[in-house]
Structure formats: C-alpha cells, structure tokens
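Working notes for the structure below.
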Amino acid sequence: MNINLIGVPINYGCDRDGAQYGPSKLRENNIVELIKKSGHAIYDLGDIHIPKVYPEEKYNNHEKMKYLNPIAEICNNLSQQVYCSLNAGDFPFIVGGDHSLGIGSIAGASKYFKELAVIWIDAHGDINTYETSPSGNIHGMPLAASMNIGHPTLTNIYYDGQKVKPENVYILGSRDIDTGEFDLAKELNLNMYTMDIVRQRGLDNVLEEIVEKIKFSNVDGVHLSFDIDVLDSNLVPGTGTPVINGFPMEEGKKIFTTLLGEKFITSMDFVELNPLLDEDDEKTVTTCIEMLEHIFKSIS
Ligand SMILES: NC(=[NH2+])NCCC[C@H](N)C(=O)O
Ligand SMILES: [Mn+2]
Ligand SMILES: [Mn+2]
C-alpha cells in the first residue's frame with residue numbers, strides 16, 4: 001500500500017497551545033521510517049498551510065465558534081489532498097493537530113466514495129454545534145458538521161451538504177458526552193458504542209457488530225478517525241482533553257487489529273497529540289509511536 005502522510009499542524013479547533021506541534025513531533029520521532037519499516041511505500045506530502053490568526057481575533061467570524069474561517073480554509077485544503085490521494089489509489093494518513101481537521105478528511109473521502117462510512121474512535125462524541133457546544137471549540141463539532149448538522153460554513157466545506165449519513169457513522173469509546181450531543185445521538189439513532197456499552201457487552205462483541213453492520217451495508221469506503229484521548233488518560237497525558245477510564249494499550253491495539261484486518265478502511269486520522277502537555281519523559285509520544293507501529297503493521 002502507498003501511504004500518503006498529510007500533516008495538519010492546527011490548534012485553532014481546540015484553542016490550546018501545543019496541538020499544532022503534533023506532526024513535527026511525530027516526524028522527529030521517525031514516523032516516516034516507521035512506516036517504511038512496516039513494508040509500505042510512503043509519500044510524505046508535508047503539512048497543510050496554517051494561516052496565522054491572533055487569539056484576539058478568534059471570535060471575529062462567529063460569536064459562538066472560535067477561528068471559524070481559518071478552520072474552514074484549512075479543512076478545504078485538506079479535503080483536496082485527501083481526495084487526490086484516494087484518486088491516486090493511495091491511503092491518506094492524516095496527522096494532527098486537533099480534531100477539527102476531521103471535517104476536511106471526511107469531505108475529501110466522501111467526494112471520492114459513493115457511500116462513505118466513518119468510524120469515530122474518541123472519548124468524546126464531537127457532535128456539538130455552535131448552539132450546543134459548551135466551549136465554542138470546533139474540535140467538538142466535526143462529526144456533526146460532516147452529517148450536515150451545524151453552521152453552513154462548516155457543513156459546506158469542499159462541497160455543499162452532507163458528507164456522511166448518520167446511519168453510516170460509528171462512534172466508539174465515548175465517555176464524555178455533552179447534553180446536546182446525547183440528545184442528537186438519540187434523535188439520529190446513531191451507532192454509538194459508549195465505554196459503558198463496551199464494558200457491558202465486551203470489546204470483541206462490539207467490534208464484531210461494527211464490522212458486520214459495515215459489511216452488510218452498501219458502503220464503499222470507510223474513514224477511521226482516531227482521537228488519542230480515547231486511550232486511558234494515564235497513557236496520554238499529552239492531549240488537550242484527557243478522560244479517565246479509557247482503553248488500555250492492548251485494547252487499543254485490538255481495535256486496529258480487528259478493523260484494519262477487515263481491509264475496508266480507506267483513510268485515517270490520528271489526532272490530538274499535544275507535545276507541550278506531555279509528561280513522564282514523553283509518555284504520550286511513546287504511546288503514539290507504539291500505536292502507530294501497530295497500526296502500520298495492521299494495514300495491508
Ligand atoms: N476532539 C476533542 N478532543 N474534542 C473534545 C470536545 C470537548 C467538548 N465536548 C467540547 O465540545 O468542547
Ligand atoms: Mn475528538
Ligand atoms: Mn476526544
């Protein structure tokens with residue numbers, strides 16, 4: 001497989017200093033060599049350009065969303081990179097940066113595929129809108145925007161309207177969900193496997209159900225969006241919104257072994273590493289590198 005590495009050094013979506021250093025930190029820690037070693041050909045496509053915006057301008061575009069226009073511009077550029085990569089027959093691997101970039105990845109993938117599914121692996125739902133968000137941070141909104149819910153500037157990125165149907169969305173590992181997100185998930189009847197459900201039913205059973213549902217739908221492409229905060233906060237202190245009771249390393253690996261083993265995943269995000277918040281001799285970077293090694297071994 002040809003892997004296309006695309007860096008998105010953005011922190012406007014989380015409004016916290018540090019997330020913009022994710023791509024450079026992973027490159028310093030040899031992500032490119034690691035991909036090569038796994039036997040894949042790698043094209044490092046570099047980083048998406050991030051326009052400079054000062055903090056005092058964050059609400060200039062909308063009173064309830066921070067950095068709206070620059071995020072839309074960055075996601076628009078990312079979409080085209082992802083679309084071109086898929087068109088070339090390659091596997092786009094997007095490294096963040098905060099999770100607002102998911103809007104761009106999904107828009108690019110959905111232009112290429114007729115019927116896209118999205119697996120959102122995250123401690124959070126990321127299905128807020130500016131009306132339900134407690135923070136105004138757009139990294140809490142990308143999955144809603146991709147389903148055509150929220151502000152038109154976000155729902156019309158790359159091309160107008162819906163990028164993924166709610167029935168093709170799978171949320172896994174959530175355990176910090178806002179009230180508005182909970183209501184929306186219920187209203188849309190989303191496939192939402194919260195951590196409580198995973199613990200009740202067992203990870204194997206939940207993964208099997210996701211795989212079966214995707215296989216028996218008419219989906220022709222699957223985007224997997226991995227927010228590192230789905231892992232237990234002990235493993236990833238260096239992320240902006242860590243949450244306790246997350247997946248331990250072995251379960252994190254099992255998720256990838258199973259889902260990537262099915263060979264239906266066609267693109268991926270890896271987001272929310274914040275090197276400035278890291279602790280214990282770069283514990284989070286170590287976790288990320290170990291997981292990335294496993295991910296690339298599992299892609300075939
Ligand atoms: N991608 C993330 N880490 N999202 C965290 C979102 C936190 C919270 N739900 C919010 O909307 O502000
Ligand atoms: Mn997220
Ligand atoms: Mn999260």
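Computed over heavy atoms, backbone and side chain alike; hydrogens, waters and symmetry mates excluded. In listed order, ligands and their atoms are each counted from 1.
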Item to complete: Would you indicate whether the side-chain heavy atoms of K111 and S79 approach each other to under 4.5 Å?
Response: no
Worksheet entry | Shortest protein contact, atom 7 (C) of ligand 1 (heavy atom only) | H124 CD2, 3.9 Å
Practice prompt. Check D122 and report its N/O/S atom nearest to the Mn ion (ligand 2), by atom name.
Written response: OD2
Item to complete: Using a 4.0 Å heavy-atom threshold (strictly under), name the region of H139 that reaches ligand 1: side chain, backbone, both or neither.
Response: both
Worksheet item: Where on M141 is there a heavy atom closer than 4.0 Å to ligand 1, on the side chain, on the backbone, on both, or on neither?
Response: neither
Item to complete: To the nearest 0.5 Å, tell me how far L116 CG sits from T266 OG1.
Response: 6.5 Å
Worksheet item: Do any of the N/O/S atoms of D229, backbone or side chain, fall under 2.8 Å from the Mn ion (ligand 3)?
Response: yes
Worksheet item: When rounded to the nearest 0.5 angstrom, what is the spacing between CG in D98 and CG in D15?
Response: 9.5 Å
Worksheet item: Distance from L154 atom CG to N148 atom CG, nearest 0.5 Å?
Response: 11.0 Å
Worksheet item: Which atoms of ligand 1 are found less than 4.0 Å from any heavy atom of S135?
Response: 10 (C), 11 (O), 12 (O)
Worksheet item: How is the N/O/S atom of D126 that comes nearest to the Mn ion (ligand 2) named?
Response: OD2
Practice prompt. May I ask you to check if any N/O/S atom from H124 comes under 2.8 Å of the Mn ion (ligand 3)?
Written response: yes
Discussion item. Checking the N or O distance criterion of under 3.5 Å, is ligand 1 in contact with D229?
Written reply: yes
Discussion item. Checking contacts here: is it the side chain or the backbone of D227 that comes within 4.0 Å of ligand 1, counting heavy atoms only? Could be both or neither.
Written reply: side chain
Fill in: Geometric class of the F226/F270 ring pair [parallel <30°, tilted 30-60°, perpendicular >60°]
tilted
Worksheet item: Heavy-atom distance to atom 4 (N) of ligand 1: which of D126, T239, N128 wins?
Response: D126
Discussion item. Polar contacts were defined as any N/O atom of the residue lying under 3.5 Å from an N/O atom of the ligand; does this apply to D176 and ligand 1?
Written reply: no
Fill in: Nearest-contact summary for atom 9 (N) of ligand 1 - protein heavy atom, Å
D178 OD2, 2.7 Å
Practice prompt. Please name the atom of D227, restricted to N, O or S, that is closest to the Mn ion (ligand 2).
Written response: OD2
Worksheet item: Is it true that atom CZ of F182 has more than 12 heavy atoms of other residues, nucleotides or ligands lying nearer than 6.0 Å?
Response: no
Worksheet entry | Test item: D232 side-chain N/O and G246 main-chain N/O as donor-acceptor pair under 3.5 Å | yes
Response to the item:
Restricting H99 to its N/O/S atoms, the closest one to the Mn ion (ligand 2) is ND1
Worksheet item: Just wondering, are more than 12 heavy atoms of other shown residues or ligands nearer than 6.0 Å to CZ in F91?
Response: yes
Worksheet item: Taking only heavy atoms of H99, which atoms of ligand 1 are found under 4.0 Å from at least one of them?
Response: 1 (N)
Item to complete: Specify whether F93 and F296 have parallel, tilted or perpendicular ring planes, treating 30° as the upper limit for parallel and 60° as the lower limit for perpendicular.
Response: tilted
Practice prompt. Considering the heavy atoms of T241, write down every atom of ligand 1 situated less than 4.0 Å from one of them.
Written response: 3 (N), 5 (C)
Fill in: Ligand-residue contact atoms, ligand 1 with E272, heavy atoms, under 4.0 Å
1 (N), 2 (C), 3 (N)
Item to complete: Describe, in one word, how the ring planes of H151 and Y130 are oriented to each other, choosing from parallel (under 30°), tilted (30 to 60°) and perpendicular (over 60°).
Response: perpendicular
Fill in: Salt-bridge present (R27, D44; N to O < 4.0 Å)
yes
